[in-house]
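As structure tokens, the structure follows; a few thoughts come after it.
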Amino acid sequence: MITAVFPGSFDPPTYGHLNIIERARTIFGQLHVVVAINKGKKCLFSSDERVQMLEALTSQWDNVQVCTWDTLIVDYAMQHEASVLVRGVRNIGDFSYEFDLALMNRGLAPKVETVFIPTDSKYFVLSSSSIKELAHFGGDVSTMAPPLVAEALAKKFS
């Protein structure tokens, strides 16, 4: 059984993230969704809030687990015997950035492969940043984020 890791800030989780999770969990025996804690990045939601949202959104899948991590993701992968990092890409800009990270991670952990999964085309324009900005101005995010995320955004900006 292959264990894979899907890391990200997930601030907040979007339908694009869920699309990657749903597809990756059918490819790999176990999928760890890892909420990255980056002390240098200002997040709207706490790591606990992001984990709670993701746990609720993935609770129907028994091969998906959600946790946090605050150091190198390849260290997480090696500690949990995961051999694959899953990265979602929406466009060539994402691919370029993720490709550079994949090369760095390969140098740090040669036994951990990176697999790119392109997001379904209906999610190409979704980014957590744009969703937060839209929600901040009272816009409708219901087509971009699950209801529990939309509600959490509304509470943050009310």
Do any side-chain atoms of residues 100-113 form donor-acceptor pairs under 3.5 angstrom with protein atoms, and if so which ones, sequence neighbours left out?
residue, atom, partner, partner atom, Å
N105, ND2, L101, O, 3.3
R106, NH1, P110, O, 2.4
R106, NH1, E113, OE2, 3.0

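- Side-chain contact between R25 and T58 is absent, with no heavy-atom pair separated by less than 4.5 Å.
- Between S127 and R90, the shortest heavy-atom contact is CB-NH1, 2.9 Å.
- Listed by chain and number, the residues in a side chain to side chain donor-acceptor pair (under 3.5 Å) with S129 amount to none (sequence neighbours excluded).
- Counting heavy-atom neighbours within 6.0 Å of L148 CG, excluding the residue itself, gives a total above 12.
- Summarising the local packing, CD of E133 is surrounded by 12 or fewer heavy atoms from other residues, nucleotides or ligands at distances under 6.0 Å.
- Residues T114 and F99 form no side-chain contact, since every pair of their non-hydrogen atoms from C-beta on lies 4.5 Å or further apart.
- Looking only at side-chain heavy atoms (C-beta outward), P146 and Y15 come within less than 4.5 Å of each other.
- Other residues, nucleotides and ligands contribute at most 12 non-hydrogen atoms within 6.0 Å of the CD atom of E81.
- Looking at heavy atoms from C-beta onward, F157 lies in side-chain contact with L44 at the 4.5 angstrom threshold.
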Give the intermediate values and the outcome of side-chain contact (heavy atoms from CB on, under 4.5 Å) for residues F10 and V33.
-> CA-CA 10 Å; F10 305 104; V33 178; 3.7 Å; yes

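- Side-chain contact between V86 and I27: absent, with no pair of heavy atoms (C-beta onward) separated by less than 4.5 Å.
- Within the 4.5 Å cutoff, the side chain of R50 has heavy atoms near those of the S9 side chain.
- With sequence neighbours excluded, the residues that form a side chain to side chain donor-acceptor pair (under 3.5 Å) with D140 are S142.
- Under a hydrophobic-cluster definition in which Ile, Leu, Val, Met, Phe, Trp and Tyr are linked whenever side-chain heavy atoms come within less than 4.5 Å, directly or via other members, V149 and V51 are assigned to the same cluster.
- Rounded to the nearest 0.5 Å, atoms CD1 (I37) and OG (S46) are 9.5 Å apart.
- Taking CE of M144 as the start and CG of L134 as the end, the distance is 5.0 Å to the nearest 0.5 Å.
- When the shell of 6.0 Å around CZ of F116 is examined, it contains more than 12 heavy atoms from other residues, nucleotides or ligands.
- Exactly one of N91, D94, T14, N19 qualifies for a side chain to side chain contact (heavy atoms under 4.5 Å, CB included) with T119. That residue is N19.
- Summarising the geometry of A135 relative to L153, their closest heavy-atom pair is CB-CB, 3.9 Å, with the distance given to 0.1 Å.
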In residues 70-80, what donor-acceptor pairs under 3.5 Å come from side-chain atoms, sequence neighbours left out?
residue, atom, partner, partner atom, Å
T71, OG1, W69, NE1, 2.9
Y76, OH, H32, ND1, 2.5
H80, ND1, Y76, O, 3.0

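- For P12 against F45, the heavy-atom pair with the smallest separation is CB-CE1, 3.7 Å.
- When all heavy atoms are compared, the tightest approach of C43 to D11 is CA-OD2, 3.2 Å.
- Residues W61 and L31 are not in side-chain contact: their nearest non-hydrogen atoms beyond the backbone lie 4.5 Å or more apart.
- Residues that satisfy the side chain to side chain donor-acceptor pair (under 3.5 Å) test with K155, not counting sequence neighbours, are absent from this structure.
- A donor-acceptor pair is defined here as one N or O able to donate and one able to accept, closer than 3.5 Å; no such pair exists between the side chain of S96 and the backbone of G93.
- When all heavy atoms of R23 and P118 are compared, the pair lying nearest together is NH1-O, 2.7 Å.
- Here the rule is side chain to side chain contact (heavy atoms under 4.5 Å, CB included) with L85, and of V5, V115, V34 only V5 fits it.
- For G29 against M1, the heavy-atom pair with the smallest separation is CA-CG, 3.5 Å.
- Taking CG from L18 and CG from D120, the interatomic distance works out to 12.0 Å, rounded to the nearest 0.5 Å.
- Judged as a side chain to side chain donor-acceptor pair (under 3.5 Å), and not counting sequence neighbours, the contacts of R87 are E98.
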